[in-house]
Amino acid sequence: MDKRLFLLDGMALAYRAYFALIRAPRMTSGGMNTSAVFGFANTILDLLKKEQPTHMAVVFDTQAPTDRHIGFEGYKANRQEMPEDLSVAMPYIFRLIEGFNIPVLTSDGFEADDIIGTLAKKAEKESFITYMVTPDKDFGQLVSDKIFIYKPGIRGGDVEIMGVQEILEKWSIDRVEQVIDILGLWGDAVDNIPGIPGIGEKTAKQLIKTYGSIENLIANSSQLKGKQKENVEAHAEQGLLSKRLATILLDAPVELDIEKLLIEEPDREKLEQLFAELEFRTLGKRVFGEEFTIAGGQALRTQQTDLFGNDVPAPPGGKSRAAGLNNKEALAAEADATAFAQAATLKTIEDTEHRYHLADSPETRAALVRLLEKQAAFCFDTETTGTDANNCELVGLSFCIEKGEAWYVPIPSDMEEAGRILNEFKPVLENERIRKIGQNLKFDIIVLRCCGVNVAGKLSDTMLAHYILEPDGRHGMDLLAGNYLAYKPVSITELIGKKGKAQGNMRDVVIETIKDYAAEDADITLQLKEVFDPLLEESGLRHLVEDIENPLIYVLAEMEREGVAIDKEGLALYSRELENDIKRLEESIYEYAGVKFNIASPRQLGDVLFEKLLLEPKPKKTKTGQYQTGEDILLRLATKHDIVQHILDFRQLQKLKSTYVDALPLMINPRTGRVHTSYNQAVAATGRLSSNNPNLQNIPIRTEKGREVRKAFIPRDKDHVLLSADYSQIELRIIAAISRDENMMQAFIDGMDIHTATAAKVYGISPEEVSSSQRRNAKAVNFGIIYGQSAFGLSQNLGISRTEAKEVIDAYFKQYPGIRQYMTDTVEFARSKGYVQTIMGRRRYLRDINSANATVRGFAERNAINAPIQGSAADMIKIAMLNIHRELNSSKLGTKMILQVHDELVFDVPRGEEEKVKTLVEEQMKNAMPLEVPVLVESGTGSTWLEAH
DNA sequence: TCGCAGATCC
DNA sequence: GTAGAGGATCTGCGAC
């Protein structure tokens with residue numbers, strides 16, 4: 001049998017596992033980030049299972065500066081501190097390796113690569129096949145026969161085996177020697193060896209490639225000019241040292257009998273204990289088989305500290321939590337993590353004592369109602385035939401008043417019978433005295449409203465409670481049950497099948513099965529409420545759910561149920577018009593291009609523009625390697641070829657037609673004849689609402705053709721008009737108020753146009769003298785400030801030079817010193833507290849704020865600056881909505897609030913009420929959350945949304 | 001079915 | 001030197 005030796009570069013793999021997972025939600029146990037340990041464990045497991053090694057060792061760099069590192073002051077200075085999370089994880093990684101019974105070698109004065117290189121050479125003589133396992137950024141693999149490129153993922157790594165030849169091809173390198181030369185490059189490509197001041201990594205690589213080697217480059221430095229020449233000559237010695245340090249040794253003094261690295265059985269006891277501490281349930285199962293459970297183990301409890309040893313506050317009750325990044329990658333990874341958590345050994349309905357009753361007779365129902373009537377609060381849930389609250393059928397109701405006991409009330413499809421049963425429950429559901437507890441109550445409230453039941457009383461929504469506690473996380477019931485109750489509810493897919501065409505219907509499930517599922521939901525929700533209440537109290541967040549989020553459920557439910565009228569015929573007409581325009585554009589584009597292709601395919605379009613028409617010598621590519629054809633890129637090309645403008649127009653019209661003009665009429669509810677969007681109250685981490693099915697918060701307005709769509713939003717009939725009221729510059733007013741910057745506050749107090757005022761200050765001229773381009777620049781800075789934009793971003797945005805952008809920004813901060821102070825203060829606050837907050841105290845946790853990774857940290861810093869501003873604006877309009885809703889109801893006006901678009905509210909107003917409502921709305925919006933600067937609201941009415949806005 | 005790119009909004 | 005504006009949703013393409 002072959003002797004197969006696997007040598008793992010321990011530190012590199014640990015770092016790689018850590019950084020690869022850094023963007024993913026943190027897998028935590030007792031506050032410790034366990035993702036690096038998890039990634040490492042998966043590497044070992046993958047190798048053991050898939051590659052059948054016979055011998056194995058993990059090699060670690062000696063962390064203390066040594067011969068190979070020493071004598072190089074800059075090395076120490078530049079070497080990044082090991083991230084706190086990772087250094088906490090390292091002891092666990094060592095225990096893991098020990099548990100697997102794999103020998104650990106330390107490099108003792110050398111790089112791990114040197115030891116591996118030397119061993120590989122030695123092993124070759126003893127007829128081993130040697131494999132080096134290291135992440136792809138390291139070049140050290142070149143000394144082994146095969147190379148593993150390990151890409152950690154949350155479910156373990158994809159291990160890819162490449163031969164040396166393939167590596168050379170992959171990196172477009174010609175010869176092995178050349179790789180060695182590149183290894184000796186200047187810059188921080190190799191383990192942060194400091195480079196030559198003034199010559200970057202890329203430039204250095206290029207230069208070395210051109211000259212063949214560093215030695216050649218130095219010898220020919222006279223061919224260079226200017227600063228480059230100076231730098232190369234002045235720091236030649238350092239460059240050579242870099243090369244020497246980065247060159248892999250094959251003759252390190254390592255005494256070792258390779259046969260001793262023979263693989264042994266893992267130490268079951270040690271691994272079990274470790275997996276129990278870290279709550280690695282699925283991993284445990286992979287190692288020890290399905291029967292593995294961590295029930296006997298003790299969960300880890302360590303207090304998280306920051307770099308200075310101070311305690312970092314964990315979010316209230318936060319057991320696991322998403323990182324600050326809210327992008328698709330994070331969400332996808334989070335889904336994985338959720339699956340990971342769910343697959344673990346959680347209690348289920350089988351393991352718990354419960355009394356779930358069926359209340360399906362007049363007597364049992366009456367008894368239930370009598371019981372509910374006596375309660376100060378109860379938890380309830382509805383079962384329906386679908387997820388569209390405005391377009392589904394009620395199948396049953398479940399109730400719970402105490403942990404472990406719940407009732408299920410089936411509702412038959414016969415309307416009359418259903419009505420009778422619901423009437424029995426009206427006295428409790430409509431009872432204002434009784435608090436209602438639920439998960440996503442807005443859905444239940446709308447469903448019941450459609451059945452003629454008007455739910456009343458205070459609300460406690462567990463989804464919103466968790467949203468307030470952990471705004472970046474997800475808030476599904478199954479997830480919450482798993483994380484907070486260590487419980488796995490009956491899965492909906494067990495009842496009605498997987499999502500998709502084949503998915504069944506709640507109506508078809510036998511009542512006994514629904515009973516368990518539904519009663520359990522109510523039971524779990526009640527238990528969650530009991531967990532969240534003290535957490536909200538402790539962290540001082542109770543008022544947010546109690547005074548804002550929970551009451552807002554009623555407002556949103558009513559808005560959603562109300563819906564908005566759409567001019568279907570108008571849209572149909574416009575669709576035909578667009579169709580013609582698009583056809584014409586298509587033809588002309590084909591003519592310009594000389595070829596027919598799919599213009600809607602960015603890939604095909606890129607090929608035509610940059611490979612056929614060659615519009616750009618060095619076109620930008622996306623990370624997947626196709627040409628970028630985004631609007632900003634095309635706009636810059638517009639002068640080069642007429643085809644570009646046509647493409648831009650084509651894109652715009654295509655988008656308009658498919659997303660709005662053709663899609664909206666299909667969303668009209670057949671029952672009401674109106675479009676009912678759905679507001680999600682728990683997705684945007686800053687506190688904003690979002691809208692979907694359809695999204696009515698992104699109806700076009702910027703361009704003339706787009707605006708046409710707004711004409712299709714109309715009052716319910718000719719006796720009504722639309723009223724639109726929006727906050728003027730609300731985010732800038734908020735930043736002015738919370739930063740208390742005198743100049744900006746004064747500009748608002750004086751009622752000036754803020755962008756003109758800013759331009760006047762920045763350019764040191766009077767407001768009258770401000771040109772339109774100066775105002776545009778000022779406006780861009782004002783917005784950039786809100787988002788934490790850099791000089792680079794501003795220059796890109798405005799098409800000006802970086803120097804110019806920097807000047808504008810510097811002048812800006814000189815005029816508004818309070819704003820700069822706010823920015824540094826907020827970031828500082830986030831650093832010490834771990835979160836930022838809005839005026840109303842809504843929090844956003846920023847775990848990455850102290851990250852050693854500049855990119856990740858930068859993201860957290862921009863979030864720190866933006867979240868309080870965007871979030872305060874969200875708080876303000878939510879309060880306004882609550883107050884307006886209350887006032888409209890109490891004053892018996894016929895006006896309905898129908899839309900919210902972040903800083904705008906739209907109402908359907910009976911003719912004759914316009915003036916009254918306008919005053920009411922403006923007053924309530926202005927006074928919702930008084931600031932120390934004036935809050936301005938602009939409103940208008942019209943027979944379409946466009947006119948009103 | 002899913003990720004990506006590109007579009008829309010505030 | 002890094003990457004390069006915060007928050008969303010929807011659509012079509014193209015790989016799987």
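All heavy atoms count here, side chains included; hydrogens, waters and symmetry mates do not.
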For C:dC13, does either OP1 or OP2 sit under 4.0 Å from a side-chain N or O belonging to A:Arg603?
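False: A:Arg603 side-chain N/O out of range (4.0 Å or more) of C:dC13 OP1/OP2.
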side-chain N/O A:Arg651 vs C:dG12 OP1/OP2, d < 4.0 Å
no
Which part of the nucleic acid, if any, lies within reach of [X] when heavy atoms closer than 4.0 Å are counted: base, sugar-phosphate only, or nothing?
| X | result |
| --- | --- |
| A:Glu731 | nothing |
| A:Gly784 | base |
| A:Arg688 | base |
| A:Gln654 | nothing |
| A:Ile701 | sugar-phosphate |
| A:Ile786 | nothing |

Please give the distance between the P atoms of B:dA7 and C:dG1 as a whole number of Å.
33 Å
Which nucleotide sits closest to the side chain of [X]: [options]?
| X | options | result |
| --- | --- | --- |
| A:Ala663 | C:dG14, C:dT11, B:dT8 | C:dT11 |
| A:Ala684 | B:dT8, C:dG6, C:dA8 | C:dA8 |
| A:Gln870 | C:dG4, C:dC10, C:dG7 | C:dG7 |
| A:Asp903 | C:dG7, B:dC10, C:dC10 | B:dC10 |

Under 3.5 Å, is there a donor on one side chain and an acceptor on the other for A:Arg651 and A:Thr629?
yes
Hydrogens and angles aside, do A:Gln697 and A:Ser691 bring a side-chain donor and acceptor to less than 3.5 Å of each other?
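A:Ser691 and A:Gln697 do not have a side-chain donor-acceptor pair below 3.5 Å.
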Name each donor-acceptor pair under 3.5 Å that joins a side chain in residues 780-787 of chain A to protein atoms two or more places apart or in another chain, with its distance.
| residue | atom | partner | partner atom | Å |
| --- | --- | --- | --- | --- |
| A:Asn782 | OD1 | A:Tyr812 | OH | 2.7 |
| A:Asn782 | ND2 | A:His755 | ND1 | 3.0 |
| A:Asn782 | ND2 | A:Thr758 | OG1 | 3.2 |

Atom [atom1] of [X] to atom [atom2] of [N]: distance rounded to whole Å?
| X | N | atom1 | atom2 | value |
| --- | --- | --- | --- | --- |
| A:Lys655 | C:dG12 | NZ | C1' | 9 Å |
| A:Arg857 | C:dG4 | CZ | P | 15 Å |
| A:Phe713 | B:dC9 | CZ | C1' | 12 Å |
| A:Asn863 | C:dG4 | CG | P | 13 Å |
| A:Asn698 | C:dA8 | CG | C1' | 8 Å |
| A:Gln604 | C:dA15 | CD | C1' | 14 Å |
| A:Gln729 | B:dC10 | CD | C1' | 12 Å |
| A:Phe597 | C:dG14 | CZ | P | 12 Å |

Using only modelled atom types and a 3.5 angstrom limit, is any donor from either the side chain of A:Arg702 or the base of B:dC9 paired with an acceptor on the other?
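Donor-acceptor pair under 3.5 Å: no.
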If you take atom types as modelled and just measure distance, does the side chain of A:Glu631 reach the base of B:dG6 with a donor-acceptor pair under 3.5 Å?
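No.
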Under a 4.0 Å N-O cut-off, is there an ion pair linking A:Arg842 with A:Asp875?
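A salt bridge is present here (some side-chain N lies under 4.0 Å from a carboxylate O).
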Taking NZ in A:Lys926 as the centre, count heavy atoms belonging to other residues, nucleotides or ligands within less than 6.0 Å. Is the count above 12?
yes
Kindly indicate whether the side chain of A:Pro700, heavy atoms from C-beta on, has any atom under 4.5 Å from the side chain of A:Leu656.
yes
Contact residues, residues 690-697 of chain A to DNA chain C [heavy atom, < 4.0 Å]
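The answer is A:Ser690, A:Ser691, A:Asn692, A:Asn693, A:Asn695.
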With salt bridge (Lys or Arg N to Asp or Glu O under 4.0 Å) as the criterion, how do A:Arg688 and A:Glu731 come out once you've worked through the C-alpha distance, each side chain's angles and the decisive distance to 0.1 Å?
CA-CA 13 Å; A:Arg688 273 190 179 179; A:Glu731 295 194 344; 3.6 Å; yes
Classify the ring geometry between A:Phe610 and A:Tyr627 as parallel (under 30°), tilted (30 to 60°) or perpendicular (over 60°).
tilted
